[in-house]
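What follows is one structure encoded as structure tokens, with my remarks underneath.
Chain identifiers are assigned alphabetically (A, B, ...) following the order of the sequence lines, protein sequences preceding nucleic acid strands; residue numbering begins at 1 within each chain.
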Protein chains: 2
Amino acid sequence: MPSDGSTSTSDVRSRLLREATRLFAAKGFEGTSLKDISEAVGIRKPSLLYHFPSKDLLRQSVLEQMLARWNEVLPNLLRAATSGVGQFDAVVEETVGFFVEDPDRARLLVREALDRPAHISRLIGEYVRPWAIIVCNYIRKGQQQGRVHADVDPESYVAQIINLMISSIATFQCVGDVTGPGLSPQQRLSRHIRELCRVAKSSLFLPTAN
Amino acid sequence: MPSDGSTSTSDVRSRLLREATRLFAAKGFEGTSLKDISEAVGIRKPSLLYHFPSKDLLRQSVLEQMLARWNEVLPNLLRAATSGVGQFDAVVEETVGFFVEDPDRARLLVREALDRPAHISRLIGEYVRPWAIIVCNYIRKGQQQGRVHADVDPESYVAQIINLMISSIATFQCVGDVTGPGLSPQQRLSRHIRELCRVAKSSLFLPTAN
DNA sequence: CCTACCGATCGGTAGG
DNA sequence: CCTACCGATCGGTAGG
């Protein structure tokens with residue numbers, strides 16, 4: 001019975017996951033203590049360890065929760081990925097949207113890539129290779145049809161664009177302002193993403209002859 | 001007198017900087033202890049603290065050393081940056097080369113961007129804004145001359161390409177293999193960089209009419 | 001979900 | 001450049 005209004009029901013576990021995500025993204029796994037996380041939720045450290053038996057299992061749970069959300073979005077993405085120039089836009093924007101919706105997802109992935117490269121390699125093999133191969137085949141078909149630049153290296157192109165989408169959102173807050181202020185963060189983000197999509201598309205497709 | 005062959009002269013300080021760079025890049029600032037660094041050099045922790053009075057000053061020194069090296073390379077870069085399509089290649093390749101020469105530089109910058117975004121914002125203002133403005137003006141001139149795509153957003157484009165160059169090398173070891181193995185790391189890196197340069201150029205310049 | 005407590009390790013100092 | 005040591009904090013456990 002939530003009589004005090006601060007703890008709604010018994011979603012302590014999900015609140016722990018949320019605060020852990022936020023703090024791991026902001027200060028890193030080693031830079032965050034269990035005390036930081038538990039007190040952000042309003043409980044003591046041993047209580048956290050009741051929900052997550054160790055710090056490392058908490059880290060794994062944080063990543064698993066994010067990947068589970070990605071698997072929810074993936075069907076939409078694959079549906080949009082069948083063919084055509086407009087569909088390409090949709091795939092990029094849908095993927096970017098996943099990370100814009102919560103930039104901590106991007107920061108978490110970049111940190112994990114730096115801290116545990118072998119783990120990220122495994123996740124890539126599991127979560128992105130399947131549909132990366134599909135995209136590569138789509139690119140090669142486009143090259144045969146003359147819609148895609150002949151000198152594109154499909155595998156490397158896909159790797160670069162994935163990397164660009166994730167890391168540019170992860171570090172957006174500080175690398176976004178190369179040439180000074182003058183715009184609101186929202187405006188900068190919007191320009192940033194539009195240019196990201198433009199780069200991805202313009203470096204893939206030949207200009208349409210119109 | 002270096003009689004034992006392990007310590008050449010008294011470059012303990014520079015060896016500490018080298019090992020600190022390597023360990024901060026690999027495991028992060030919070031994930032690296034002063035003991036790790038000092039023992040990698042073969043001395044005790046208090047001896048490290050004689051050369052660098054605190055862990056935070058060591059971090060600053062590591063970054064300063066890297067930025068000093070960048071300032072040595074910058075003149076070559078600015079000389080090549082004057083005009084033309086071939087020159088654009090030279091600038092990108094020279095910049096990429098700086099980070100390929102030692103990928104720890106890229107990892108250090110990405111980690112710093114995540115850990116201390118305000119600090120990286122300041123460094124960007126100091127080290128990259130000056131010549132980023134020059135590049136933006138060059139892009140705008142190219143747009144007027146019809147050599148550069150009209151819909152390029154110069155500021156965002158520069159931010160994206162800088163971000164791409166650094167982060168793709170920082171996380172190359174794990175994100176490079178989106179579509180499976182089969183190539184040596186050297187071959188993969190070479191393909192990766194070639195595609196990176198192609199994306200940068202192809203998304204900027206209009207196809208030459210030949 | 002709590003209090004009380006554990007050994008280990010942290011960055012840093014004293015003193016030589 | 002070392003040994004010896006400091007208080008603080010770490011992840012984790014006992015026990016309720």
Of the listed nucleotides ([options]), which one gets closest to any side-chain atom of [X]?
{"X": "B:Tyr50", "options": "D:dC1, C:dC10, C:dC1", "value": "D:dC1"}
{"X": "A:Lys55", "options": "D:dG12, C:dG12, D:dC2", "value": "D:dG12"}
{"X": "A:Pro46", "options": "C:dC10, C:dC2, D:dG11", "value": "C:dC2"}
{"X": "B:Ser54", "options": "D:dC1, C:dG12, C:dC1", "value": "C:dG12"}
{"X": "B:Leu34", "options": "D:dG12, C:dC1, C:dG11", "value": "C:dG11"}

| Six-ring centre of A:Phe29, A:Lys55 cation under 6.0 angstrom, axis tolerance 45° | yes
| request: Kindly indicate whether a cation-pi arrangement holds for A:Arg105 with A:Phe98, taking the cut-offs as under 6.0 Å to the six-membered ring centre and within 45° of the axis. | output: yes
| query | Would you call B:Glu30 and B:Arg111 a salt bridge, taking side-chain N to carboxylate O under 4.0 Å as the test? | reply | no
| task | May I ask you to say what A:Thr32 touches in the nucleic acid, namely base, sugar-phosphate or nothing, with a heavy-atom cut-off under 4.0 Å? | result | sugar-phosphate
| query | Hey, does B:Gln87 have a side-chain heavy atom less than 4.5 Å from the side chain of B:Tyr138? | reply | no
Separation of [N] [atom2] from [X] [atom1] (nearest whole Å):
{"X": "A:Leu48", "N": "D:dC10", "atom1": "CG", "atom2": "P", "value": "13 Å"}
{"X": "B:Ile43", "N": "D:dT3", "atom1": "CD1", "atom2": "P", "value": "12 Å"}
{"X": "B:Glu30", "N": "D:dG11", "atom1": "CD", "atom2": "C1'", "value": "15 Å"}
{"X": "B:Glu39", "N": "D:dT3", "atom1": "CD", "atom2": "P", "value": "11 Å"}

| query | Closer than 4.0 Å, any side-chain N/O of B:Arg44 to the OP1 or OP2 of D:dT3? | reply | yes
| note | Ranking A:Pro53 and A:Ser33 by the position along DNA chain D of their nearest nucleotide, the one closer to 5' is A:Ser33
| said: Let's test your reading of the model: under 3.5 Å, does the base of D:dG11 pair with the side chain of A:Lys35 as donor and acceptor? | reply: no
| query | What is the base-pairing partner of C:dG16, counting Watson-Crick and G-U wobble geometry with both distances under 3.5 Å? | reply | D:dC1
